Amino acid sequence: MAAAPSPPITPISPPKSNTNTSSINPTNPSHLLSLLPKCTSLRELKQIQAITIKSHLQNDIPVLTKLINFCTLKPSAASMDHAHHMFDQIPQSDIVLFNTMARGYARTDTPLRAITLFTQILHSGLLPDGYTFPSLLKACASSKALEEGKQLHCLAIKLGLNHNIYVCPTLINMYTECNDMDSARRVFDKISEPCVVTYNAIITGYARSSRPNVALSLFREMQASNVKPTYVTMLSVLSSCALFGALDLGKWIHEYVKKYGFDQQVKVNTALIDMYAKCGSLDDAVSVFENMVARDTQAWSAMIVAYAIHGHGYKAITLFEEMRRARVRPDEITFLGLLYACSHTGLVEEGCGYFYSMKEKYGIIPGIKHYGCMVDLLGRAGRLDVAFKFIEGLPIKPTPILWRTLLSACSSHGNVDMGMRVIERIFKLDDSHGGDYVIFSNMCARAGRWEHVNYVRKLMNERGAAKVPGCSSVEVNNVVHEFFSGGGTHSESRELHRALDELVKELKLVGYVPDTSLVFHADMEDEEKEATLRYHSEKLAIAYGLLNTPPGTTIRVVKNLRVCGDCHSAAKLISLIFDRQIILRDIQRFHHFTDGKCSCGDYW
DNA sequence: TCCAAGGGTA
């Protein structure tokens, strides 16, 4: 065989580097270290490291700490591997060096390695200090390692570091991330004068654990004790308002934001867009967005999501195209909003197009939530078979949520046979979710398949699967009133029930027919079913709003589940005969009821 | 030489 011609030798130009090593005295550690701030890649770092070895400085702890610190600033798997390698080489570490390593691990997707490292450190007799705990607690928070977190808490108490101003917020954050709000609160309550960061941590915790009222009262407490809020505080408080659907409160925070100059922050404006959108005021969201001087990916995404949840699919798409023209790079959340918009407007072709382009054009790998959007998009549009095959063909294991999305679609298209295939898949993965039994049973009831209804109900009782109770709230005079289905708990419930009875009579005059097929219990009399339906939480909340606000006022209701079909038709009629706008936010989206019509066009 | 809280998600 003839020898392959040797490749022409072309001089390889050295990689462009910001670090000019020629004028440096390699035996002087401080000279070497002065190179690091200009260093931009792992490759350049390795060049500097080579000089340290030549100069016998590889065991010099301050030099090594700097080198390792560089690797841990924006850590990747490769840079952390390299850092670990350097760390392993030295005979004796000190606590600063360890802290630096731990911080790196806490910031990567292998946070528990920080904890493992920590155990080694304890054995070698090093004493943790105030710098040690924040990284380790952060690692516990992101891995939801509550037990390890508690042990660290005990150790911090032993060392008298639990009240350290850096340790305290991370302790609170660790507990909130591990869903242990009681412990978080206990830590907070022991602080005599919490600083703003500690307040932010606890407020965020309550906002995330769906207790926005507690979050907001802590914000007031913070102001009363003269702790000056920062823009991070604004973010937490705004997300509380968004969660609560408390528009008036949100508007008050907006005024506050303007008064104290927080409205220059892109993140704060993004949180405002989100708050207005989730509190049902799309116009205010648009106005915040349009007044922004600079918009990043998150700001565009928030506005796209805002259009999506209000059912303006085309506007969401137009905005996305505008975002592309502005050369702002979309991320995975931008696509979630976009797909969501398509599915809620029935834009199947467009949605599929964007789904494929996210991978091919933008290199964004779809996650489980994008798949969820696709199932919803196909399912809503009635392409149940395609959706089924889509789930089966996924490269990852489908979650019950994915199948559940398809089950809802089967229900709205009344396809019991497909529904049965789907619920079998769900039960294989999780049979404890009461909502699945309810959707399936309602679907069978509507199709008159009573044998299924009874069977499913029996199954549900046997397995003790609980359904989340329906809960709706309405804001009247700055107070949020909550109503549960059946509605025995609200202080004015008796009058409210009477008012609802009258209301239903009036609705019937204009053609309302209660859809009793939606009621789960098969062995109830029709009258009884009607009563169950009448006191659904969303009807109670709407009636309460109707009775307690002046004519013409918009009624804003927030529901924890999807709105029921009967309440949806009732709300349309109420908007017509009382000439009221009703804005109902359910777990999925917004419904704007005006003049007997809903903004969702009954496509939901 | 190392440290805290964080907006947009079906």
Side-chain angles (χ1 to χ4, degrees), chain A residues 29-30 33 36 60-70 72-73 94-104 106 128-138 141 161 164-174 176 194-205 207-208 229-239 242 265-275 277-278 285 295-306 308-309 330-337 339-340 343-344 367-377 399 401-402 404-405 408 587-589:
Chain A
S30 63
L33 295 181
L36 272 165
D60 185 291
I61 291 193
V63 170
L64 254 166
T65 308
K66 270 288 190 186
L67 290 175
I68 290 180
N69 184 40
F70 174 84
T72 59
L73 283 178
D94 70 355
I95 193 67
V96 178
L97 189 47
F98 164 72
N99 289 344
T100 311
M101 273 306 289
R103 187 198 53 184
D129 62 11
Y131 290 83
T132 315
F133 289 96
S135 305
L136 293 172
L137 289 166
K138 197 176 196 164
L161 290 166
N164 174 299
I165 55 158
Y166 292 107
V167 176
C168 185
T170 32
L171 263 175
I172 293 175
N173 189 45
M174 181 276 293
T176 64
C195 69
V196 60
V197 181
T198 304
Y199 265 112
N200 291 347
I202 191 88
I203 290 175
T204 305
R208 271 200 291 234
T230 63
Y231 84 96
V232 178
T233 320
M234 298 297 111
L235 300 182
S236 302
V237 173
L238 283 170
S239 78
Q265 296 267 3
V266 179
K267 290 180 180 195
V268 173
N269 282 306
T270 308
L272 278 166
I273 294 171
D274 178 55
M275 180 279 291
K278 289 194 178 142
R295 304 181 186 114
D296 59 6
T297 302
Q298 280 91 337
W300 286 94
S301 304
M303 196 59 230
I304 289 172
V305 170
I309 60 176
D331 67 3
E332 62 276 10
I333 294 172
T334 320
F335 278 101
L336 268 180
L339 293 176
Y340 194 65
S343 87
H344 283 266
I368 189 80
K369 290 172 184 171
H370 298 98
Y371 294 136
C373 280
M374 287 306 288
V375 173
D376 196 48
L377 176 79
T399 58
I401 302 172
L402 228 46
R404 204 163 279 146
T405 307
S408 299
I587 196 163
Q588 292 252 338
R589 57 167 296 152

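As the structure is a computational prediction, the values presented were derived from the model and not from experiment. Sequence lines set the chain letters: A, B, ... in the order given, protein chains first and strands last, and positions in each chain run from 1.
With B/dA5, B/dT1, B/dC3 as the candidates, the nucleotide lying closest to the side chain of A/Y131 is B/dC3. When distances are taken from the side chain of A/N99 to each of B/dC2, B/dA5, B/dG8, the shortest belongs to B/dC2. Comparing B/dC2, B/dG7, B/dA5 by their nearest atom to the side chain of A/T230 picks out B/dA5. With B/dG8, B/dT1, B/dG7 as the choices, the nucleotide that has an atom nearest any side-chain atom of A/V266 turns out to be B/dG7. Distance from the side chain of A/V96 is smallest for B/dC2 among the nucleotides B/dC2, B/dG7, B/dA5. Side chain of A/Q298, nearest nucleotide from B/dG7, B/dT1, B/dA5: B/dG7.
If you check every strand for non-hydrogen atoms under 4.0 Å, A/R208 touches sugar and phosphate atoms only. Nucleic acid contact class of A/D296 (heavy atoms, under 4.0 Å, all strands): base. Within the 4.0 angstrom heavy-atom criterion, no nucleotide atom of any strand lies near A/T405. Counting any heavy atom pair closer than 4.0 Å across all strands shown, A/D331 reaches a base atom. Across all strands, A/T204 comes closer than 4.0 Å only to sugar-phosphate atoms, never to a base (heavy-atom distances). At the heavy-atom level, A/V305 lies under 4.0 Å from the strands shown only through sugar-phosphate atoms. Within the nucleic acid shown, A/I401 has no heavy atom closer than 4.0 Å to any nucleic acid atom. Using a 4.0 Å heavy-atom distance criterion, A/T270 is classed as a base contact. Among the atoms of the strands shown, none is found under 4.0 Å from any heavy atom of A/I273.
Distance CG (A/D129) to P (B/dA4): 13 Å, rounded to an integer number of Å. Atom-to-atom, CG of A/L161 to P of B/dC3 comes out at 16 Å; the value is rounded to the nearest Å. Rounded to an integer number of Å, the gap from A/L136 CG to B/dC2 P is 17 Å. The distance from atom CD1 of A/I61 to atom P of B/dC2 is 15 Å, rounded to the nearest whole Å. Atom CG of A/L339 and atom P of B/dA10 are 10 Å apart (whole Å).
In this structure, A/K138 reaches the B/dA4 phosphate: one of its side-chain N or O atoms is under 4.0 Å from OP1 or OP2. Listed pair A/N69 / B/dT1 fails the phosphate criterion, with no side-chain N or O lying under 4.0 Å from OP1 or OP2. Contact check, A/R103 against B/dC2: no side-chain N or O comes under 4.0 Å of OP1 or OP2.
Both geometric conditions, a ring-centre gap below 5.5 Å and a plane tilt below 30°, are not fulfilled together for A/Y166 over the base of B/dC3.
Here A/W300 contributes atom CH2 and A/I273 contributes atom CD1; the two are 10.0 Å apart, rounded to the nearest 0.5 Å. Rounded to the nearest 0.5 angstrom, A/I203 CD1 and A/I172 CD1 are separated by 10.5 Å.
Not a single salt bridge (Lys or Arg N to Asp or Glu O under 4.0 Å) links A/K66 to another residue, sequence neighbours left out. Partners of A/S236 by side-chain hydrogen bond (donor to acceptor under 3.5 Å, both in side chains), not counting sequence neighbours, listed by chain and number: A/T204.
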Exercise for the section: Show your working on side-chain contact (heavy atoms from CB on, under 4.5 Å) between A/R103 and A/L73 and close with a plain yes or no. Expected result: CA-CA 9 Å; A/R103 187 198 53 184; A/L73 283 178; 3.8 Å; yes
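The two residues A/S301 and A/D331 have their closest heavy-atom pair at OG-OD1, 4.0 Å.
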